[in-house]
Amino acid sequence: MIKAIDVHGHFGPVGGFPQKGKEKELMSLTLEEVEKSYRAAEIERAFISPADGIFFFGDRTLEEANHIMYQLSMEKEWLYQWAVVHPEIPDSFVQAERLLQSEKCVGIKIHPDAHGYHISEYGSKIFEFASRYHATVETHSGDRLSPPEAFTVYGDQYPEVKILLSHLGNNCDGDVTHHVRAIQNSKNGNLFTDTSSMKSILPGLIEWAVSEIGSEHILMGTDIPLHHAGMMRSRVDYAALPISDKENILYKNAEKLFFGETRQKGGTTL
């Protein structure tokens, strides 16, 4: 089986998530359960952001959620961190500046829809910060406050910043093409997407995306614990694509974007 890297997952208290009842209960995985799921799916590394840093829950602050995720990434060699920043919480940027110095922090995570702002409202602030540190930005996208096309302007303005438009096919208007069109309109080729949307299991969507933008712009994301890691991986494994494209999506693109010479010593596998 081709090895794999999950560039989009979550861990921690999910009490703030909008799901209810049994569904939310089933999403409350321990870190051991997350690791077991990855092992079963032969996913070697995972890039995780704290669930309660996105949908706030309890008394824990955003900075505390990020710090706990940092500590876990130091303890688990397979685990890497996205540092969540909120444009209305200045201390989150101060913290992210420190976290980005860690070889286990792969970039910053934003979620306009969960945090309640339109990306055009704070995009300049976020991407100016990312540019200063040449940080990759992973963003929720496809919903009302995070239209994929809105990020193209920031990719054009900040060519040194790589932008991962998560959730290929996710949309609020019935159009699954937004992510692909945003990437096609990018002047610098620094926009990417991942497979972490349930829309990605549509027959032909990943294959069509590859035909339009190339497999070099698509990475595998599971969105665990919202989705079953093995199921999300299998969509790529069984895609009607050449092995070379599957390898790009499953791990090669992530290795190229995140594991240069300065990061190689940070990555051992499960």
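In what follows, residues are counted from 1 in the order of the sequence shown.
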Q) Taking the side chain from Asp143 and the backbone from Ser146, do they hold a donor-acceptor pair closer than 3.5 Å? A) no

List the steps and the verdict of ring pair (Phe, Tyr, Trp, His ring centres under 6.0 Å) for Trp82 and Phe258. CA-CA 12 Å; Trp82 291 108; Phe258 298 100; 5.7 Å; yes

Side chains of Ser102 and Gln81: do they bring a donor and an acceptor to under 3.5 Å?
-> no

Any side-chain heavy atom of Leu241 sitting closer than 4.5 Å to one from Ile249?
yes

Candidate pair Tyr117 and Ile126, rule side chain to side chain contact (heavy atoms under 4.5 Å, CB included), full reasoning = CA-CA 12 Å; Tyr117 63 89; Ile126 293 166; 3.7 Å; yes

Rounded to the nearest 0.5 angstrom, the OG1-CZ distance for Thr222 and Arg235 is 15.5 Å

For this session: Please check if the side chain of Asp113 supplies one atom and the backbone of Gly142 the other of a donor-acceptor pair under 3.5 Å.
Result: no

Output for pair (Leu99 CG, Met69 CE), nearest 0.5 Å, gives 11.5 Å

### Message
Could you check whether Arg45 pairs with Glu35 (Lys NZ or Arg NE/NH1/NH2 to Asp/Glu carboxylate O, under 4.0 Å)?
### Response
no

Please evaluate residues Glu247 and Lys256 with respect to the criterion salt bridge (Lys or Arg N to Asp or Glu O under 4.0 Å), reporting the C-alpha separation (whole Å), side-chain torsions for both, the decisive distance (0.1 Å), and the verdict. CA-CA 12 Å; Glu247 289 176 336; Lys256 180 178 179 180; over 6 Å; no

Pair Glu44 + Arg39, salt bridge at N-O below 4.0 Å: no

(Q) Is a donor from one side chain sitting under 3.5 angstrom from an acceptor on the other, for Asn185 and Thr152? (A) no

### Task
Could you walk me through whether Lys3 and Glu42 pass side chain to side chain contact (heavy atoms under 4.5 Å, CB included), step by step?
CA-CA 6 Å; Lys3 68 178 181 179; Glu42 296 192 29; over 6 Å; no

Correct closest heavy-atom pair for Val236 and Thr195 would be CG2-CG2, 4.4 Å

Notebook entry, point to check: Is the closest side-chain heavy-atom distance between Ile119 and Ile110 below 4.5 Å?
Noted result: yes

Check: Any ion pair linking Glu97 and Arg132 (charged N to carboxylate O, less than 4.0 Å)?
Finding: no

> Would you say Leu257 and Met220 are hydrophobically clustered, going by side-chain heavy atoms of ILVMFWY under 4.5 Å?
Replying inline: yes

Any Val7 side-chain heavy atom under 4.5 Å of Asn253 side chain:
no

inquiry  = Keeping Asn190 on the side-chain end and Gly155 on the backbone end, is there a donor-acceptor pair under 3.5 Å?
reply    = yes

Are Glu32 and Lys36 within salt-bridge range, i.e. N to O under 4.0 Å? no

All heavy atoms of Pro225 vs all of Val14, minimum pair found to be CG-CG1, 4.4 Å

Joint cluster assignment, Val34 & Tyr70, ILVMFWY side-chain distance < 4.5 Å = no

Is the count of non-hydrogen atoms from other residues, nucleotides or ligands lying under 6.0 Å from Lys199 atom NZ greater than 12? no

#### Entry: Donor-acceptor contact present, side-chain Asp223 to main-chain His227, <3.5 Å
no

Review point. Would you call Glu64 and Asp59 a side-chain contact if the rule is heavy atoms closer than 4.5 Å?
Key: no

Note to self: Check the orientation of His111 and His140. Use parallel for under 30°, tilted for 30 to 60°, and perpendicular for over 60°.
What the structure shows: parallel

- Query: Hey, does the side chain of Ser141 reach the backbone of Ser166 with a donor-acceptor pair shorter than 3.5 angstrom?
  - Reply: yes

message: Is it the case that the ring center of His115 lies less than 6.0 angstrom away from the ring center of Phe56?
response: yes

Separation between CG (Leu100) and SG (Cys105), nearest 0.5 Å, reads 4.5 Å

Is any side-chain heavy atom of Thr139 closer than 4.5 Å to one of Leu165? yes

Practice item. Would you check, one step at a time, whether the test side chain to side chain contact (heavy atoms under 4.5 Å, CB included) holds for Ser92 with Val84? Key: CA-CA 7 Å; Ser92 70; Val84 181; over 6 Å; no

Distance col, row Leu168:CG vs Met198:CE, nearest 0.5 angstrom, shows 13.0 Å

Between His167 and His8 (judged by ring centroids, cut-off 6.0 Å), do the two rings come close enough to count as a pair? yes

Practice problem: Examine Tyr80 and Leu31 and state if one hydrophobic cluster contains both, with Ile, Leu, Val, Met, Phe, Trp and Tyr joined whenever side-chain heavy atoms are less than 4.5 Å apart. | Solution: yes

Within the 4.5 Å heavy-atom criterion, are Glu63 and Ile89 side-chain neighbours or not?
yes

- Task: Find out if a path of hydrophobic residues (ILVMFWY) with successive side-chain heavy-atom gaps under 4.5 Å connects Phe47 to Ile224.
- Result: yes

Mutual orientation of the aromatic rings belonging to His217 and Phe192 [parallel < 30°, tilted 30-60°, perpendicular > 60°]: parallel

All heavy atoms of Ser197 vs all of Gly169, minimum pair found to be OG-C, 4.4 Å

query: Does Ser186 reach the side chain of Phe151, with side-chain heavy atoms less than 4.5 Å apart?
result: no

**Polar contact flag, side-chain donor to acceptor under 3.5 angstrom, Gln95-Arg98** = no

Requested in this report: For side chain to side chain contact (heavy atoms under 4.5 Å, CB included), just list the numbers for Tyr251 and Phe259, CA-CA rounded to whole Å, side-chain angles, deciding distance to a tenth of an Å, and then say yes or no.
Outcome: CA-CA 11 Å; Tyr251 76 95; Phe259 296 109; over 6 Å; no

Between Glu33 and Ser28, the two heavy atoms sitting closest are OE1-O, 4.1 Å

May I ask you to say whether Glu255 pairs ionically with Lys252, meaning some side-chain N is under 4.0 Å from a carboxylate O? no

Check: Val137 and Leu164 side chains under 4.5 Å, non-hydrogen atoms
no

Relative to the ring of Tyr154, is the ring of Phe127 parallel (under 30°), tilted (30 to 60°) or perpendicular (over 60°)?
parallel

### Query
Do the side-chain N and O atoms of Ser215 and Asn248 include a donor-acceptor pair separated by under 3.5 angstrom?
yes

Q.
Under a 3.5 Å cutoff, is there a donor and acceptor pairing between the side chains of Asp173 and His178?
A. yes

Here the gap from His67 atom NE2 to Leu72 atom CG, rounded to the nearest 0.5 Å, amounts to 10.0 Å

CG of Leu26 to NZ of Lys24, rounded to nearest 0.5 Å, is 12.5 Å

In short, Phe57 meets Pro13 closest at the heavy-atom pair CD2-CB, 3.8 Å

Practice item. Decide if atom NZ of Lys246 counts as having more than 12 heavy atoms of other residues, nucleotides or ligands within a radius under 6.0 Å. Key: yes

| message | Would you say CZ of Phe17 has more than 12 non-hydrogen atoms from neighbouring residues, nucleotides or ligands within 6.0 angstrom? | response | yes

Smallest heavy-atom separation, Ile108 atom then Ala96 atom, equals CG2-CB, 4.3 Å

Review point. Are Tyr238 and Trp208 in one and the same hydrophobic cluster, where Ile, Leu, Val, Met, Phe, Trp and Tyr link if side-chain heavy atoms are under 4.5 Å apart?
Key: no

>> Using modelled atom types and a 3.5 Å cut-off, is there a donor and acceptor pairing between side-chain atoms of Ser131 and backbone atoms of Glu128?
In response: no

